[in-house]
Trainee: 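First the structure, then my questions, so here it is.
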Number of protein chains: 2
Amino acid sequence: MAITIRDVAEAAGVSTATVSRALRGLPNVDEATRARVQAIAQQLDYVISPSASRLASGRTGSIGVITPYISRWFFSTVLSGVESVLHNAGMDLLLMSVSTADFQHRLPPAPRLRRRVDGVLAIAIPPDDAQLDEVIELGMPTSLIGTAKQGVAGVTIDDVQAARTATQHLLNLGHTRIGVISGHLIDAPFTAEHDRYRGYRETMEDAGLEIDPLLEAFGYFTVAGGEQAMTALLTHRNRPTAVFAMSDEMAFGAMRAMRAHGLTPGKDISIIGIDNHDLSELLDLTTVAQPVFDLGRVAAEALLVQIRSGNGAVGPDSFVLPTQLIVRGSTAPVA
Amino acid sequence: MAITIRDVAEAAGVSTATVSRALRGLPNVDEATRARVQAIAQQLDYVISPSASRLASGRTGSIGVITPYISRWFFSTVLSGVESVLHNAGMDLLLMSVSTADFQHRLPPAPRLRRRVDGVLAIAIPPDDAQLDEVIELGMPTSLIGTAKQGVAGVTIDDVQAARTATQHLLNLGHTRIGVISGHLIDAPFTAEHDRYRGYRETMEDAGLEIDPLLEAFGYFTVAGGEQAMTALLTHRNRPTAVFAMSDEMAFGAMRAMRAHGLTPGKDISIIGIDNHDLSELLDLTTVAQPVFDLGRVAAEALLVQIRSGNGAVGPDSFVLPTQLIVRGSTAPVA
DNA sequence: TTGTAAGCGTTATCAT
DNA sequence: ATGATAACGCTTACAA
């Protein structure tokens, strides 16, 4: 039905082997022959059959991206960074949502990845996740984004430092009663979260400040969660004068909670996040920006290197991308 | 190297044909045989080779999703709806970003789709886009999301009605000087945009109101664009008392512009959007909600039906999903 | 119900 | 530089 490599070969008066070589740009092909083959292929509107090529070569030309969420800002932004690289490389991008913990009943990613991708990119999957382990045991080039794991390539920011920067910014403004809105430390031994908490704690301790347990609340990395967390913090007798939220979206929710209590962010209470979410500027939120698109871009590039170097030649590399404090109106000197 | 169907066949003492049938759940297989084959396959940790299967069967088991943006809210939300369906159906999701118009230099999607997917989902590609036409000419099951085109399946909302609802809401509040922030009517003959404009215009006319050209501004469907558009509207001598923004994100920007001018949304000027973006509740924005996740879900389901019915048996279906006015604090009776 | 065997469209090895 | 040809691992008539 469709045009095959043999049609091209016959039309060009060469063997299929030559067509294959010519079209793939392999060496040892007379340039005149190559040109003729290319012309005929184009004229015949020939496109290679990926299935046949994959079966014969053993390479799939595609990489799998596993992510717990698709529509959340961080994840979709990473994904677009990944896509930009893979597109340029001519690689197919297989998108696969996975369940972290209790989420919902979904097939585990490992079996769905086997024999259909040349490499895997995992976005923000906790390093001790069982499903992630299964994926890693597949033994193919893999690169983590937003988390780090011994022996596996990965791209992250320095989460400890980011949290330190945020906390220090509040300290510099004279705040001492500084609250923190985290995700859910108990359930999710999520690298980023732990590191950010550590950065907060250490910075507080370095400043000689004790951390009041009443200054801590969970926001589950969502807007609604941040709102609840802030509400909780506000109900205590001894309110914080400033709050560090581990993500901008939680900070958004926190700002809403403040307003609901008649408080103005940056005036009555200072709040800082991490991310530099698309809407953070709009909401005038001070934040520690992280290069989310680049997280995906760099990870994809590193993965391609790993794949092309034929497994092993290039050891798994780790990259730490820089963050930057962006001061806006939501933080101000203590009253 | 890897385990093949023959290994399973030998271990089970049957032919590869039987293994193939048994594992795919085809009829005419003794249940005892099937059970044995399944057990052995599992025990051997056998997974089928997609490339081989695709080559032999002609089906790819994957569908391509083409979208101009990955990280924007609307697109990533649609995408997650699509993913949920495809995951359940065991279909691979090939993600492909495309350029609308001037965007950037990217390979056209059609050649990248040929022979590698069984169907295509196109998110918000203008119906007269040349690249879309090439894709449609591929002749495979295709379903559009957010746009409509003669003879092609699709899922949309009633954009005219949504705009009518928004405009009428403002009229009901007593506003007569109602501005509109659109995308960029001249360049992008984008169904949704045209329809929304029509809904606005007709509703204004039905109310006996003339549309002052000074009440119209372009926001390019971005936050920054909405901000600029609103700023433009505010510089005129005769300001609108209410504004209809064709998307929530443009409305966000508009709200910011208002504040920059010392105006309070819902007090000094009313503003309404379309979408019910994740953050619209947070920003207290009145909007006409559209079921974005479902747009993706329904389109994917329809596409699967189209694919399974073997091309032609089921004609391309169109679905129009409902919208709903959600009144929040950004709209109020005219002063 | 099960087996046989001919493809499916490439790639890659080995000659030439 | 080019050609023959054996894989690659499955699916699917067609037989039995």
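Here is how names work: the chains are called A, B, and so on, in the same order as the sequence lines, proteins then strands, and each is numbered from 1.
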Trainee: For D:dT11 and B:Ser20 - does any side-chain N or O of the residue sit under 4.0 Å from the phosphate oxygens OP1/OP2?
Mentor: yes
Trainee: Nearest-Å distance, CZ (B:Arg6) to P (C:dT4)?
Mentor: 12 Å
Trainee: Counting side-chain heavy atoms from C-beta on, which of C:dG9, D:dC10, C:dT2 comes nearest to A:Leu55?
Mentor: C:dG9
Trainee: Where the side chain of A:Thr77 meets the backbone of A:Trp73, is there a donor-acceptor pair that is under 3.5 Å apart?
Mentor: yes
Trainee: Can you tell me if the side-chain N/O atoms of A:Ser15 get under 4.0 Å from OP1 or OP2 in D:dT2?
Mentor: no
Trainee: Please classify the nucleic acid contact of A:Arg54 as base, sugar-phosphate, or nothing, using heavy-atom distances under 4.0 Å.
Mentor: nothing
Trainee: When the nearest nucleotide of DNA chain D is assigned to A:Thr33 and to A:Thr16 on a heavy-atom basis, which residue is associated with the more 5' position?
Mentor: A:Thr33
Trainee: With a non-hydrogen cut-off below 4.0 angstrom, is B:Asp30 in contact with a base, only sugar-phosphate, or nothing?
Mentor: sugar-phosphate
Trainee: Whole angstrom is fine here: how far is it from CG in A:Leu26 over to P in D:dT2?
Mentor: 13 Å
Trainee: Picking from C:dT10, C:dT2, D:dA1, which would you name as closest to the side chain of A:Thr4?
Mentor: C:dT10
Trainee: May I ask you to evaluate whether B:Thr18 reaches the phosphate of C:dG3, defined as a side-chain N or O under 4.0 Å from OP1 or OP2?
Mentor: yes
Trainee: For the side chain of A:Ala56, counting heavy atoms from C-beta on, which of D:dT12, D:dT2, C:dG9 is nearest?
Mentor: C:dG9
Trainee: Of all the choices, D:dT12, D:dT11, D:dA4, which nucleotide is nearest to the side chain of A:Ala17 once you look at every atom?
Mentor: D:dA4
Trainee: Keeping B:Asp118 on the side-chain end and B:Gly61 on the backbone end, is there a donor-acceptor pair under 3.5 Å?
Mentor: yes
Trainee: Looking only at heavy atoms, what is the nearest atom pair of B:Ala22 and B:Arg34, with distance?
Mentor: O-NH1, 3.0 Å
Trainee: Measuring from atom CD of B:Glu83 to atom OG1 of A:Thr67, what distance do you get when rounded to the nearest 0.5 angstrom?
Mentor: 9.5 Å
Trainee: Could you state the atom-to-atom distance from CG of A:Asn28 to P of D:dG3 in whole Å?
Mentor: 14 Å
Trainee: Considering non-hydrogen atoms only, spot the tightest contact between A:Leu132 and A:Pro126 and give its length.
Mentor: CD2-O, 3.6 Å
Trainee: Taking only the side-chain heavy atoms of B:Arg21 (C-beta and beyond), determine which of C:dT2, D:dT11, C:dT10 contains the nearest atom.
Mentor: C:dT2
Trainee: B:Arg59 CZ to D:dC10 C1': how many Å, rounded?
Mentor: 11 Å
Trainee: Return no unless some side-chain N or O of A:Ser53 is found under 4.0 Å from OP1 or OP2 of C:dG9.
Mentor: no
Trainee: Going by an N to O cut-off under 4.0 Å, is there a salt bridge joining A:Lys149 and A:Asp133?
Mentor: yes
Trainee: Report the nucleotide, chosen from C:dG9, D:dT11, C:dA12, that has the shortest atom-to-atom distance to any side-chain atom of B:Arg115.
Mentor: C:dG9
Trainee: Can you tell me the distance, in whole Å, between the CD atom of B:Glu10 and the C1' atom of C:dT4?
Mentor: 15 Å
Trainee: Go through C:dT2, C:dT11, D:dT11 for me and flag the one nearest to the A:Ile5 side chain.
Mentor: C:dT11
Trainee: Tell me whether the side-chain N/O atoms of A:Arg24 come closer than 4.0 Å to OP1 or OP2 in C:dA12.
Mentor: yes
Trainee: Looking at C:dT10, C:dT2, D:dC10, which one has an atom nearest to any side-chain atom of A:Ser49?
Mentor: C:dT10
Trainee: Check this one for me: any side-chain N or O of A:Arg116 less than 4.0 Å away from OP1 or OP2 of D:dG9?
Mentor: no
Trainee: Can you tell me how far P of D:dC10 sits from CG of B:Leu23, to the nearest Å?
Mentor: 10 Å
